[in-house]
Every structure is written in structure tokens, then in C-alpha cells.
> 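I'd like to ask you about the structure that follows.
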Amino acid sequence: MANANKKDETAQTKPQARLVIRNIGLLLSGDLQKPILDADTVIAVDGKITAVGKENDVDAEGATLIIDAKGTTLAPGLIDSHVHPVAGDWTPRQNQIGWIDSYLHGGVTTMISAGEVHTPGRPKDVVGLKAMAIFAQRAFSHFRPGGVRIHAGAPVIEHGMVEEDFKDLAAAGVTMLGEVGLGSVKDGATAREMVGWARKFGIQSTIHTGGPSIPGSSLIDKDIVLAADADVIGHINGGHTALPDDQIVTLCEKSPRALEIVHNGNERAALLALRTAKELKQLDRVILGTDSPAGSGVQPLGILRMISMLSSLGQIPVEIAVCFATGNTAKIRNLDCGLVAVGRAATFVVIDRAQHSAGTTVLESIQLGDLPGIGMVIIDGLVSAQRSRNTPPATSAPEVVKH
Ligand SMILES: [Zn+2]
């Protein structure tokens, strides 16, 4: 007992990790309502943001880690809403290792699995698919390459599942389904019933939209998507093969669910979905993913490329496009990151105009279609990466001045 008490005391007296990021030139909040904040300093204690403001107005004393942003731009860490992890930092789809760590160098700090569907020999019987989902949820909750948080354990629904299965999955810690349509359930009525059971037990759902992605998957058209009513209309721009334009517009208009646009989809269809969401004044529904690893490979810069593509070709201000990959996704996915706001995770990407971009500011450079350079990535208050090994070099990069 004495030992136990002593341990408690140690925990209570452990000094706080106090992060101060100062000299921020531009602060992108990730919040559509106010995407640019009038602030140059962010304080975080033990990995959570405690203050955002002007240096003179916040308490910057007692820092255990000070970062001088050198006038560069701070944004929330990027969220990839659609990845297909398998095991560890390896993808059998391209037989590649280290892909998650490469995405970290593209500013991605959080990933959402849309199903561990590339698992060699993936079990399709009910006991097997449940076991695999629980395994993936457990494994990726403990495994964070470079600090990247991977929300995984996303079972693909199959015929034969009953309500009790979803109850079991939820009780075991599973919080989301993999893409509906990648398993044997491809009809609207069954999908709707299972999505409903999932929702009843707090499990979020997403649906594959469009033509088959790889041999074994199938067409999911607008009628099936509307009938299934999953929480996220996964790759509304196809993955890769998109639905006809009128079906994409109908999905935007008739469904209230999230509109996920992916890198490994049809880019013209992506711009159509974006334009439709904008006309509907529903940009808060737009979220971004890579839908990778996939047949078209691994995309460490995929989310940055989406922000640049949607901003430059879709005539969307950069600070709004950043929200699609941060605050919007966090709200729809119930994550504690994605916004630079008090109480949120101190998870950031620090960017600057790429060297020799024609744009004179970071926002202008992205609006012109260039990618920004990443100077630092911070996850839960800790520096995970400094100058990115994957982006074009940033003109200026932050420096750690005290640690
Ligand atoms: Zn898909």
C-alpha cells in the first residue's frame, strides 16, 4: 500500500510538459467559421492546447519546450479520412514499408481506416472478420509510427451478420465500419439494416461509392448509397471510377451525410462534388482522404495535393480547403484534434511557401497550385518531424529554441 501511495504522489508532482510556439506568422484554425486567427502564439500543457493569442496576452512562462515559428504558418495536423492500413507500417498492396512515416512527412498526423481490406487472406466469415477488426483496433491503438494516430479496426460487413455482432464489436472497442460494399453486402436494404445496427451501438459507417476499385469489389450507385445511409459517402469522386455527374449531384443534394473526396479518385468528379457542396452552402460536409495505399500507390503528400488541387482548380480559399482536411473531419469523426483551439490536441503542421514558388505568400503559392513546404510536425505537444523529407523545401522553417 505504501508503494502504491508513493506512486500516486509521483504522478501528481510530475512536472507539466509546457509547449510554447511563438512568432507564428499566420495561424490557420481548421474551423470553417473562422479559418484564420489573429494570434501569433500557442501554448499547450501535457499535449493539450491551453491558450491561443498574442504573445503579450498569453502566459508564456515556464515553458519546457519553446518553438520559434520564424513567421511561418501553423495549421492543425492533417487528417487522412480514408486509408487502408494492414499491419504495422507495411502495406502488402505495394509491398512497401514505412508508408505511415512517409505520410507524417506530408503533414498527416491522424488517419482513419476505411477497412483493413488489403490483408492477405482477409477472413470473410463473421467470427473471422470480427476478430480481425478487434485485432487491428488494438494493434493500431498501441502502434504510432512517428506519433501518427491511426484509428483502425474497421470491419467490412458481410451477409450473415446479426445485430448482436455489432453489439459485440462495439463492446470490444470497434468504433467504425470499413467501406460498405467491399464485402458481400452490396444491396441497399441489407446495408441499411446493418448500418442502422452499427449506428445503434455507436459505430460510424462509410460506404464505397462508384465503380469497383480492385477485382472483387463492385459498383455502388447512388440508389444503394442513399438507401444504405452510411455516415460518410466514401470517395464521392470514385475510387477511382466515379459515378455519372448527375448521380454525384443527387448524392450531394439528397443525402445529409459527409462528402468524402479522395486523392485516388476522379479529379474532375472531385471538383464537381466540391462545386455542388459550395452551391448548397454545405462545405462543412466536405472531408478529404487519400484512399491509399491502393493500386495507384502510396501518397505521402496526397492530402496536401488535395488541398492545393481543390483550392487552385476549385476556387476555394486555401484556409477553407485546409478545414476540409482538419476541423471538418475532426467534427464528423469525433476526434480531439483538427482545430487550433483551447482543449484540443496540440497537433500541428507548420508550413511555409515552397522555395521559388511563384506565389509571394504561402496562401498565394497554394492557390497557384503549388504545394507548401513543411518545416515541422508536432503531435500531442511533441516534435515528430522537422524539415519534411518529402515536400519541396519550405522557405523558412521553425526552430526549437529550448528543450
Ligand atoms: Zn472504396
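For the single chain, residues carry numbers from 1 onward in sequence order. Both backbone and side-chain heavy atoms feed into the values below; hydrogens, waters and symmetry mates do not.
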> Does the side chain of Leu243 reach to within under 4.5 Å of the side chain of Asp221, using non-hydrogen atoms?
yes

> Kindly determine whether Gln137 and His151 satisfy side chain to side chain donor-acceptor pair (under 3.5 Å), including the steps that lead there.
CA-CA 7 Å; Gln137 188 277 333; His151 297 272; over 6 Å; no

> Within a reach of under 6.0 Å around CZ of Phe135, are more than 12 heavy atoms found that belong to other residues, nucleotides or ligands?
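No, because the 6.0 Å sphere around CZ of Phe135 holds 12 heavy atoms or fewer from other groups.
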
> Would you say the side-chain atoms of Gln367 pair up with the backbone N or O of Leu363, donor to acceptor, closer than 3.5 Å?
no

> If you look at every heavy atom in Ala242 and Ala269, which pair is closest and at what distance?
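Heavy-atom minimum between the residues: CB-CB, 3.7 Å.
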
> Could you tell me which non-hydrogen atom of Asp59 sits nearest to which non-hydrogen atom of Ile43, and how far apart they are?
O-CD1, 3.5 Å

> Nearest 0.5 Å please: distance from the CG atom of Leu280 over to the SG atom of Cys252.
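Going from CG on Leu280 over to SG on Cys252, the span is 6.5 Å.
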
> Look at the side chain of Ser311 and the backbone N and O of Ser308, then say whether any donor-acceptor pair between them is shorter than 3.5 Å.
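No.
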
> Heavy atoms, side chains only, cut-off 4.5 Å: are Leu310 and Glu267 in contact?
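No, every pair of side-chain atoms sits at 4.5 Å or beyond.
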
> Are Lys70 and Glu399 ion-paired here, with the side-chain N under 4.0 Å from a carboxylate O?
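Yes, charged N to carboxylate O under 4.0 Å.
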
> How close do Tyr103 and Pro293 get, counting heavy atoms only, and between which atoms?
OH-N, 4.4 Å

> Less than 4.5 Å apart, side chain to side chain, heavy atoms only: is that true for Thr109 and Leu78?
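Sidechains of Leu78 and Thr109: no contact.
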
> With rounding to the nearest 0.5 angstrom, report the OG to CD1 distance, Ser255 to Ile233.
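Answer rounded to 0.5 Å: 3.5 Å.
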
> Is Ile24 close to Thr72 at the side-chain level, that is, under 4.5 Å between some pair of heavy atoms?
no

> How long is the span from the OG1 atom in Thr290 to the CG atom in Leu288, to the nearest 0.5 Å?
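Between atom OG1 of Thr290 and atom CG of Leu288 there are 10.0 Å.
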
> The criterion is side chain to side chain donor-acceptor pair (under 3.5 Å); which residues satisfy it with Asp168, sequence neighbours excluded?
Lys130

> Ignoring hydrogens and geometry, is there a side-chain-to-backbone donor-acceptor pair from Thr91 to Arg93 under 3.5 Å?
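Judged by distance alone, yes, a pair lies under 3.5 Å.
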
> Distance alone, cut at 3.5 Å: any donor-acceptor contact between the side chains of Ser81 and Arg333?
yes

> Looking at His208 and Pro212, what are the two nearest heavy atoms and their distance?
NE2-CA, 4.3 Å

> Walk me through whether Val83 and Ile112 qualify under side chain to side chain contact (heavy atoms under 4.5 Å, CB included).
CA-CA 6 Å; Val83 296; Ile112 313 284; 5.7 Å; no

> Let me confirm one number: the NE2-CG distance from His105 to Asn390, rounded to the nearest 0.5 Å.
7.0 Å

> I want to check something: taking the side chain as every heavy atom from C-beta on, are Ile236 and Ile261 in contact at a cut-off of under 4.5 Å?
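In contact.
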
> Using the rule given for side chain to side chain donor-acceptor pair (under 3.5 Å), can you reason through Ser184 versus Glu158, listing the C-alpha separation, both sets of side-chain angles and the distance that settles it, and then say yes or no?
CA-CA 5 Å; Ser184 57; Glu158 301 281 356; 2.7 Å; yes

> Show your working on salt bridge (Lys or Arg N to Asp or Glu O under 4.0 Å) between Arg268 and Asp245 and close with a plain yes or no.
CA-CA 10 Å; Arg268 194 189 59 78; Asp245 288 4; 2.9 Å; yes

> Counting only heavy atoms from other residues, nucleotides and ligands, does the tally under 6.0 Å from CZ of Arg305 exceed 12?
no

> If you measure from CD1 on Ile303 to CG on Leu371, what distance do you get to the nearest 0.5 Å?
12.0 Å

> Quick check: closest heavy atoms across Leu28 and Pro76, and the distance to 0.1 Å?
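Distance-wise, the nearest heavy atoms are O-CD, 3.2 Å.
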
> So does Gly295 get a backbone contact from the side chain of Gln94, meaning a donor-acceptor N/O pair under 3.5 Å?
yes

> Is there a donor-acceptor pair under 3.5 Å between the side chain of Thr209 and the backbone N or O of Gly234?
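Checked: pair present.
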
> Checking Ser388 side chain against Thr391 main chain: does a donor-acceptor pair fall under 3.5 Å?
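Between the backbone of Thr391 and the side chain of Ser388 there is a qualifying donor-acceptor contact (under 3.5 Å).
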
> For side chain to side chain contact (heavy atoms under 4.5 Å, CB included), just list the numbers for Gln386 and Val400, CA-CA rounded to whole Å, side-chain angles, deciding distance to a tenth of an Å, and then say yes or no.
CA-CA 9 Å; Gln386 300 207 27; Val400 175; 4.0 Å; yes

> Could you tell me whether Asp31 and Lys331 make a salt bridge, using a distance below 4.0 angstrom between a side-chain N and a carboxylate O?
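The answer is yes: the pair qualifies as a salt bridge.
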
> Give the C-alpha distance, both sets of side-chain angles, the deciding distance and a yes or no for salt bridge (Lys or Arg N to Asp or Glu O under 4.0 Å) between Asp246 and Lys222.
CA-CA 10 Å; Asp246 60 328; Lys222 73 152 188 357; over 6 Å; no

> Is a side-chain N or O of Asp229 found less than 3.5 angstrom from the main chain of Arg192, in a donor-acceptor match?
no

> With a 4.5 Å limit on heavy-atom distance, are the side chains of Arg144 and Asp380 in contact?
yes

> How close do Asp370 and Ala358 get, heavy atom to heavy atom, and via which atoms?
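In this case the closest contact between Asp370 and Ala358 is OD2-N, 3.9 Å.
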
> I'd like to know if the side chain of Arg18 reaches the main chain of Glu61, judged simply by a donor and an acceptor atom lying under 3.5 Å from each other, with no hydrogens or angles considered.
yes

> Start with the C-alpha gap between Asn23 and Asp68, add the side-chain angles, then the distance that decides, and say whether side chain to side chain donor-acceptor pair (under 3.5 Å) holds.
CA-CA 6 Å; Asn23 201 12; Asp68 181 347; 3.0 Å; yes

> Taking the ring centre of each residue, are Trp197 and Phe201 less than 6.0 Å apart?
no

> Taking the side chain from Ser102 and the backbone from Pro300, do they hold a donor-acceptor pair closer than 3.5 Å?
no

> Does Leu313, at its CG atom, have more than 12 non-hydrogen atoms belonging to other residues, nucleotides or ligands within less than 6.0 Å?
yes

> Going through the checks in order, is the side chain to side chain contact (heavy atoms under 4.5 Å, CB included) test met by Asn264 and Gln299?
CA-CA 9 Å; Asn264 285 340; Gln299 282 93 21; 3.0 Å; yes

> When you compare the side chains of Glu116 and His84, does any donor N or O come within less than 3.5 Å of an acceptor on the partner?
no

> Met376 versus Ile67: any side-chain heavy-atom pair under 4.5 Å?
yes

> Does the side chain of Leu177 come within less than 4.5 Å of Ile157's, by heavy atoms?
yes

> Just do the side chain to side chain contact (heavy atoms under 4.5 Å, CB included) check on Val52 and Arg344 with the steps written out, would you?
CA-CA 11 Å; Val52 180; Arg344 289 282 172 158; over 6 Å; no

> Okay, side chain of Ser141, backbone of Arg138: is any donor-acceptor separation there less than 3.5 Å?
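Yes, Ser141 side chain to Arg138 backbone: donor-acceptor pair under 3.5 Å.
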
> Is there a donor-acceptor contact under 3.5 Å linking the side chains of Asn328 and Asp284?
no

> Got a list of side-chain donor-acceptor pairs under 3.5 Å for residues 270-278, not counting sequence neighbours?
unit_1	atom_1	unit_2	atom_2	d
Thr276	OG1	Leu272	O	2.7
Lys278	NZ	Gln315	O	3.3

> Could you give the distance from CZ (Arg285) to CG (Leu259), rounded to the nearest 0.5 Å?
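It comes to 4.0 Å.
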
> If you look only at pairs with a residue in residues 37-49, which of them pass as a side chain to side chain donor-acceptor pair (under 3.5 Å), with sequence neighbours excluded?
Asp38-Lys54, Lys48-Asp336

> Yes or no on salt bridge (Lys or Arg N to Asp or Glu O under 4.0 Å) for Lys200 and Glu163, after CA distance, side-chain angles and deciding distance?
CA-CA 9 Å; Lys200 179 176 173 185; Glu163 183 172 340; 2.5 Å; yes

